[in-house]
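All values below come from the heavy atoms of this structure, side chains included, with hydrogens, waters and symmetry mates left out. Note that the structure is a prediction, hence the values are computed from the model and not measured. Here, residue 1 is the first one in the sequence, and each next residue gets the next number.
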Amino acid sequence: MRDHRWANRQEADPASPVENPFRGQVVAGRYAAARPNLHPLVIELLAGRLPRPRRALDVGAGTGLSTRALHGFAEMVVGIDSSEDMLRARSDSGGYYVLAAAELLPFRSHVFNLVTAASALHWFERGAMEEVARILESGGSLVVYDVWFPAEMPDVPAFHEWATGEGLSRYRSVPRHQHDQDTLRAAGFEHLWSADLRREVEMRQADLVEYLMTHSERIAAVQLGLETEAEQRSALSEGIAPFFVDAATRRLVFGIDVDLFQLTRTARGDLTVKLRHRYTS
């Protein structure tokens, strides 16, 4: 829910509609292979602060990394995503997965104890939060977290200067929906606590290139025909190469912002009336 855009990055075009660029088999396959699996760190944090949920729903499951992390914590786990390509590329061969949109969840009311949304909330329209409130039991938890890239290479400070300059800031940001504590409060959620985690991941030059090609603005640049994947990969490889001259791998820093919300009982009464009208009118 925090804004991690670098100072030099161009703002999204306010006239452009929000379109999730994570579509297509190639994009989904690269996402599944190149994204570091840091989701278990969030579940470890939750395990020390929340009772074990009976039923957990991961909204915006993507390729299943965030859903798989919930196994062993919740008694039953369901992952949901609106992209068939992403679900087909999932890393979790078991579990329950559903193809559906966050704005119209195909579940009965009040059946889940926990809902998670990992690096996904900004693709949801505001009506999705009312849907989450509908399927959560009163007092249930919503965990919103974002795995992000600060562009820091601890052993090579010059990497951050390159990345936040011309290196990775040449593309306009992709339009996204804006959600904050106020929009979630309007849907009946009370903010309880936040956490900021950091983890270093060892990467080869090729690994870093493939990871950067999973960022939304670079995916959109290819989809808009601004460059081909081959041109993008070549440019990234050339720009990153100087930082790997004397090392086969480098440590890259990743951040994880976590926010825990609780569906309040007071809000549940107000929402029930509004949602009953919505689903019967």
Side-chain angles (χ1 to χ4, degrees), residues 1 16-25 27-28 31 53-68 70 74 76-90 92 95-146 174-190 216 259-265 267-281:
M1 296 177 65
S16 297
V18 176
E19 295 183 4
N20 190 332
F22 293 99
R23 59 181 185 271
Q25 295 180 1
V27 170
Y31 191 103
R54 296 189 309 279
R55 302 185 186 92
L57 176 66
D58 183 34
V59 186
T63 60
L65 290 174
S66 52
T67 309
R68 187 175 66 186
L70 286 163
M76 186 191 78
V77 180
V78 180
I80 188 169
D81 201 276
S82 61
S83 169
E84 184 174 2
D85 291 321
M86 294 290 279
L87 290 178
R88 286 185 180 277
R90 68 181 184 269
D92 186 359
Y96 301 100
Y97 287 87
V98 179
L99 177 65
E103 293 79 10
L104 191 61
L105 297 173
F107 306 107
R108 297 194 306 271
S109 300
H110 324 322
V111 295
F112 289 96
N113 316 105
L114 170 68
V115 171
T116 58
S119 300
L121 193 66
H122 43 263
W123 303 123
F124 304 157
E125 297 180 11
R126 293 198 176 182
M129 293 300 97
E130 293 184 354
E131 274 292 82
V132 170
R134 179 183 65 80
I135 58 94
L136 264 177
E137 67 176 16
S138 211
S141 300
L142 167 64
V143 178
V144 177
Y145 66 98
D146 185 29
V174 174
R176 304 178 181 205
H177 293 295
Q178 300 300 314
H179 296 274
D180 55 24
Q181 291 188 26
D182 290 337
T183 61
L184 268 69
R185 187 180 300 112
F189 291 99
E190 176 187 0
S216 59
D259 288 282
L260 174 66
F261 298 85
Q262 183 179 52
L263 184 64
T264 63
R265 293 183 182 276
R268 166 62 67 191
D270 296 337
L271 282 169
T272 300
V273 174
K274 179 166 59 175
L275 291 167
R276 184 183 300 120
H277 174 74
R278 174 179 169 184
Y279 284 94
T280 56
S281 60

Student: With sequence neighbours left out, what residues match E125 under salt bridge (Lys or Arg N to Asp or Glu O under 4.0 Å)?
Tutor: none
Student: Taking only residues two or more places apart in sequence or in another chain, which ones pass side chain to side chain contact (heavy atoms under 4.5 Å, CB included) with V111?
Tutor: F107, R108
Student: If the test is side-chain contact (heavy atoms from CB on, under 4.5 Å), which one of L57, V144, L142, V143 qualifies with T116?
Tutor: V143
Student: Minimum heavy-atom separation for M76 and F112, please, with both atom names.
Tutor: CE-CE2, 4.5 Å
Student: Please enumerate all residues that pass salt bridge (Lys or Arg N to Asp or Glu O under 4.0 Å) together with R54, with sequence neighbours excluded.
Tutor: E137
Student: When you measure from the side chain of E131 to the backbone N and O of L105, does any donor-acceptor pair fall under 3.5 Å?
Tutor: yes
Student: For S66, enumerate each residue passing the side-chain hydrogen bond (donor to acceptor under 3.5 Å, both in side chains) test, keeping only those at least two apart in sequence or located in another chain.
Tutor: D58
Student: What residues form a side chain to side chain contact (heavy atoms under 4.5 Å, CB included) with P53, not counting sequence neighbours?
Tutor: F73, A74, N113, L114
Student: Which value, rounded to the nearest 0.5 Å, describes the distance between F189 atom CZ and T264 atom OG1?
Tutor: 9.0 Å
Student: Going by the rule side-chain hydrogen bond (donor to acceptor under 3.5 Å, both in side chains), which residues pair with S119 if we only count those two or more places apart in sequence or in a different chain?
Tutor: D146
Student: According to ring pair (Phe, Tyr, Trp, His ring centres under 6.0 Å), who are the partners of Y96, at least two apart in sequence or on a separate chain?
Tutor: none
Student: How would you list, by chain and number, every residue that makes a ring pair (Phe, Tyr, Trp, His ring centres under 6.0 Å) with Y97, sequence neighbours excluded?
Tutor: none
Student: Please identify each residue that fulfils salt bridge (Lys or Arg N to Asp or Glu O under 4.0 Å) with R88, with sequence neighbours left out.
Tutor: E84
Student: Applying side-chain hydrogen bond (donor to acceptor under 3.5 Å, both in side chains), can you list everything that pairs with S216, at least two apart in sequence or on another chain?
Tutor: R176
Student: Looking only at heavy atoms, what is the nearest atom pair of D85 and Q25, with distance?
Tutor: OD1-CG, 3.5 Å
Student: Ring pair (Phe, Tyr, Trp, His ring centres under 6.0 Å) with F124: which residues, sequence neighbours excluded?
Tutor: none
Student: Among V78, I80, L121, which residue meets the side-chain contact (heavy atoms from CB on, under 4.5 Å) test with V59?
Tutor: I80
Student: To the nearest 0.5 angstrom, please state how far the OG atom of S83 sits from the CG atom of L99.
Tutor: 8.0 Å
